[in-house]
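Numbers for residues simply follow the sequence, beginning at 1. The analysis underlying the following values was restricted to heavy atoms, covering all of them including side chains, and did not include hydrogens, waters or symmetry mates.
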Amino acid sequence: MEIFIFVILFIPFLLVGYFAYKTSGYQKGNIVMHLDEWYKDYNQYVKAIEIELKERGKKVSYLGNYRFEIDGQHYILHPLIVTHARVPTQRTILKPEK
């Protein structure tokens, strides 16, 4: 009976942890960046992503419609707003296209 109660109480914490991990963007194969500035203009945002990736030694080109080609592989941009110590930050997640 005690194990049953423990499992029932523990499941919500597992679910919260799982969904926090899935929405963080840090899965295998993703490229995650935190740029120095906050970009409201999409064109400047794309340019900043290209510059950052080139500084990391990647060959990058923007294909349009939130899609990039990085080192021959296609990625889709998923911008995310997160808070760190109550300060909102712009997290850039590039997920491989399937």
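Under the 4.5 Å side-chain criterion, counting only non-hydrogen atoms from C-beta, Tyr42 is in contact with Leu77. Inter-residue side-chain proximity for Phe68 and Val46 is flagged as met; some heavy-atom pair is nearer than 4.5 Å. Contact of the Leu35 side chain with the Gln90 side chain is not registered, since no non-hydrogen atoms from C-beta on lie closer than 4.5 Å. Thr92 has its side chain out of reach of Pro79: every pair of non-hydrogen atoms, C-beta onward, lies at least 4.5 Å apart.
The structure places NZ of Lys59 at 10.5 Å from NZ of Lys54, a figure rounded to the nearest 0.5 Å. The line from OH of Tyr62 to CG of Asn43 is 8.0 Å long, rounded to the nearest 0.5 Å. With values rounded to the nearest 0.5 angstrom, His74 atom NE2 is found 7.5 Å from Ser61 atom OG. The OG1 atom of Thr83 lies 9.5 Å from the CZ atom of Arg86; values are rounded to the nearest 0.5 Å. Of the inter-residue distances, the one linking Ile31 atom CD1 with Gln73 atom CD reads 8.0 Å to the nearest 0.5 angstrom. Distance check: Lys95 NZ to Ile76 CD1 gives 9.5 Å after rounding to the nearest 0.5 Å.
Taking every heavy atom of both residues into account, Pro96 and Asn30 meet most closely at CD-OD1, 3.3 Å.
Within the 3.5 Å criterion, the main-chain N or O of Leu63 finds no donor-acceptor partner in the side chain of Glu69.
Listed by first and then second residue, the salt bridge (Lys or Arg N to Asp or Glu O under 4.0 Å) pairs involving residues 34-50 amount to none (not counting sequence neighbours).
Residues Val32 and Val60 do not share a hydrophobic cluster, defined by chaining ILVMFWY side chains whose heavy atoms lie under 4.5 Å apart. A continuous path of Ile, Leu, Val, Met, Phe, Trp and Tyr side chains, each step under 4.5 Å between heavy atoms, connects Tyr66 with Tyr45, placing both in one hydrophobic cluster. Hydrophobic clustering (side-chain heavy atoms under 4.5 Å, transitive across Ile, Leu, Val, Met, Phe, Trp, Tyr) keeps Tyr75 apart from Ile93.
Annotation: side-chain contact (heavy atoms from CB on, under 4.5 Å) contacts of Ile3 (sequence neighbours excluded): Val7.
Trp38 belongs to a hydrophobic cluster with Ile81, counting contacts under 4.5 Å between side-chain heavy atoms of Ile, Leu, Val, Met, Phe, Trp and Tyr, direct or through other members.
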